[in-house]
Protein chains: 2
Amino acid sequence: MSRQPSRQRLSRDALTAVALLLVDESGYDALTLSAVAEQLQVGPSALYTHCGGLDGLRHVTAVAATNNLAVQVRQAAIGTAGGDAVNAVAHAYRDFTLDHPGQFAATLRPPRANDDELVQADQAITDVFALVYTAMGLTPPESALAARSIRSAVHGFLALEHNSGTTEACEDDYQHLLDTVHRGISNRYFADIEGPASD
Amino acid sequence: MSRQPSRQRLSRDALTAVALLLVDESGYDALTLSAVAEQLQVGPSALYTHCGGLDGLRHVTAVAATNNLAVQVRQAAIGTAGGDAVNAVAHAYRDFTLDHPGQFAATLRPPRANDDELVQADQAITDVFALVYTAMGLTPPESALAARSIRSAVHGFLALEHNSGTTEACEDDYQHLLDTVHRGISNRYFADIEGPASD
DNA sequence: ACCTGAACACCGTTCAAGT
DNA sequence: ACCTGAACACCGTTCAAGT
């Protein structure tokens, strides 16, 4: 009330925070320079200093969304092991897509050329699965392949669910998928078939 | 050379054909009414009669791309059975994403509200996997679950590959994924572990 | 019935000008 | 160094007018 600064106020983090809220509330296609600028009470051209145009805005949004997903699945892996850990990580993955559909859509967008930052953030997600299988006794070549397999299955199921528009009966089908893929991995690398078969 | 008709010439199929070529050559983001209209030598407003705006253009493109993918995987399933059929269908799936990256990107886009046509076209792809497992002896509840599992894995791997920008060493990793998931399905529903384990 | 062309709103982008 | 505001190009959309 004292004095309103008609200028400045703006940072890369503030810009990112607005972008993440925007895509989750209004859909990924609502991510425009104009919409972000309006919420920050600045002109659209003011954003060029911080993210460098629309391409840059999409980039920082994709990186932030991917990192958020990585953090969530990493937290879910704490305190669990084996098939329980796979389930915990996979369900945290799905919860993220349900709670933050716009951020998940942002992770589905193709990166720009030589986008090492985004590729590295994405790799961090697969690495969580890899660590789970490493803890189960697999070593680097096989643990990476197992991680990529379960992550592909999880990612594909959630992308298809995200596009189907319906969440009906997906919970059971998701658990079915996890059991099947984990069974394939266990059967391939371990002698016995362990893991929680839920039917 | 005789007479150039400065008017008409236009149809929904012609519009779709131009759109499919455009996305594969210039990327999905190049799909605009202006670009399609220019190649058809009409004004942008002429497209509204046939597809109803940008949303409609994206819709017909997504439906056509999904149908093209469905046709390709269906053809690959002919004359094969068992694990060989799963491999044939899955590799046809991947070949499509490599040959038509823009059309694959179109299938990744979320459908508009109550888009039954697109949901049905997408289901046709999963149905191909379901038929393969039906031929192996599974019945509707389990064949659908198995189909959804292998399709999710295939879809997720290819989406991640599509975003990684690199195709290095993906061929072997893809076969590894197929073997693992098919092994999980076989082990779950059939007593023995059949299928071509490639290592 | 279908296309043209003008008109309008909106968005991305650049840049000179301010602070 | 960072933001404003004008300016421009481009795209989506509508609609009256033509055929």
Side-chain angles (χ1 to χ4, degrees), chain A residues 2-23 25-63 102 105-106 109-113 115, chain B residues 2-23 25-63 102 105-106 109-113 115:
Chain A
S2 52
R3 58 183 171 93
Q4 55 260 38
S6 64
R7 318 214 304 87
Q8 57 99 351
R9 192 203 308 107
L10 207 51
S11 71
R12 188 162 170 147
D13 286 349
L15 186 152
T16 304
V18 168
L20 294 179
L21 284 175
L22 185 66
V23 294
E25 291 179 358
S26 307
Y28 183 79
D29 288 339
L31 184 64
T32 62
L33 289 172
S34 299
V36 173
E38 187 181 14
Q39 283 216 12
L40 290 169
Q41 297 183 355
V42 295
S45 58
L47 303 182
Y48 280 75
T49 308
H50 302 276
C51 71
L54 181 60
D55 240 37
L57 177 62
R58 289 174 174 162
H59 167 74
V60 298
T61 304
V63 170
R109 295 269 315 179
R112 49 186 186 182
D115 197 340
Chain B
S2 52
R3 57 183 173 91
Q4 56 260 40
S6 64
R7 316 215 306 86
Q8 56 100 352
R9 191 202 308 108
L10 207 50
S11 73
R12 190 164 169 144
D13 287 350
L15 187 152
T16 304
V18 167
L20 294 180
L21 284 175
L22 185 66
V23 294
E25 292 179 357
S26 307
Y28 183 79
D29 288 340
L31 184 64
T32 63
L33 289 172
S34 299
V36 173
E38 187 181 14
Q39 283 215 11
L40 290 169
Q41 297 184 353
V42 295
S45 59
L47 303 181
Y48 279 76
T49 310
H50 301 278
C51 71
L54 180 60
D55 240 37
L57 176 62
R58 289 173 173 163
H59 167 74
V60 298
T61 304
V63 171
R109 296 269 315 178
R112 49 185 185 184
D115 197 341

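Chain identifiers are assigned alphabetically (A, B, ...) following the order of the sequence lines, protein sequences preceding nucleic acid strands; residue numbering begins at 1 within each chain.
Comparing C:dT13, D:dT4, C:dC3 by their closest approach to the side chain of A:P44 singles out C:dT13. Listed nucleotides: D:dG12, D:dC3, C:dT4. Nearest to the side chain of B:Y48: D:dG12.
The separation between B:D29 atom CG and C:dG12 atom P is 13 Å, rounded to whole Å. Rounded to whole Å, the distance from CG on A:D55 to P on C:dT13 is 8 Å. When the P atom of C:dC3 is taken as reference, atom CG of B:L10 falls 5 Å away, rounded to whole Å. The interatomic distance linking B:Q41 (CD) with C:dT4 (C1') rounds to 15 Å, in whole Å. When rounded to the nearest whole Å, the span between CG of B:L15 and C1' of C:dC3 equals 14 Å. When rounded to the nearest whole Å, the span between CG of A:L47 and P of D:dC3 equals 9 Å.
By the side-chain contact (heavy atoms from CB on, under 4.5 Å) test, A:A105 pairs with A:Y28, A:H162, sequence neighbours left out. Residues passing the side-chain hydrogen bond (donor to acceptor under 3.5 Å, both in side chains) test with A:D13, sequence neighbours excluded: none. Residues satisfying the side-chain contact (heavy atoms from CB on, under 4.5 Å) test with B:T32, not counting sequence neighbours, are B:S34, B:A35. In this structure B:V63 satisfies the side-chain contact (heavy atoms from CB on, under 4.5 Å) test together with B:H59, B:N67, B:E117, B:L118, sequence neighbours excluded. In this view, B:H50 satisfies the side-chain hydrogen bond (donor to acceptor under 3.5 Å, both in side chains) rule with no residue, not counting sequence neighbours.
Rounded to the nearest 0.5 angstrom, B:L22 CG and B:T61 OG1 are separated by 8.5 Å.
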> Tell me, for nucleotides 6-11 of chain C in 5' to 3' order, what letter each nucleotide earns: B for a base near a protein heavy atom under 4.0 Å, S for only sugar-phosphate near one, - for neither?
Replying inline: -----S
>> Counting Watson-Crick and G-U wobble pairs with both distances under 3.5 Å, what is the dot-bracket string for DNA chain D, 5' to 3', using [ ] for crossing pairs and | for pairs to another strand?
In response: ||.|||||...|||||.||
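More than 12 non-hydrogen atoms from other residues, nucleotides or ligands lie less than 6.0 angstrom from CZ of A:R112.
Counting only residues at least two apart or on different chains, no salt bridge (Lys or Arg N to Asp or Glu O under 4.0 Å) pair has a member in residues 45-62 of chain A. Listed by first and then second residue, the salt bridge (Lys or Arg N to Asp or Glu O under 4.0 Å) pairs that reach into residues 27-40 of chain A are A:D29-B:R109, sequence neighbours excluded.
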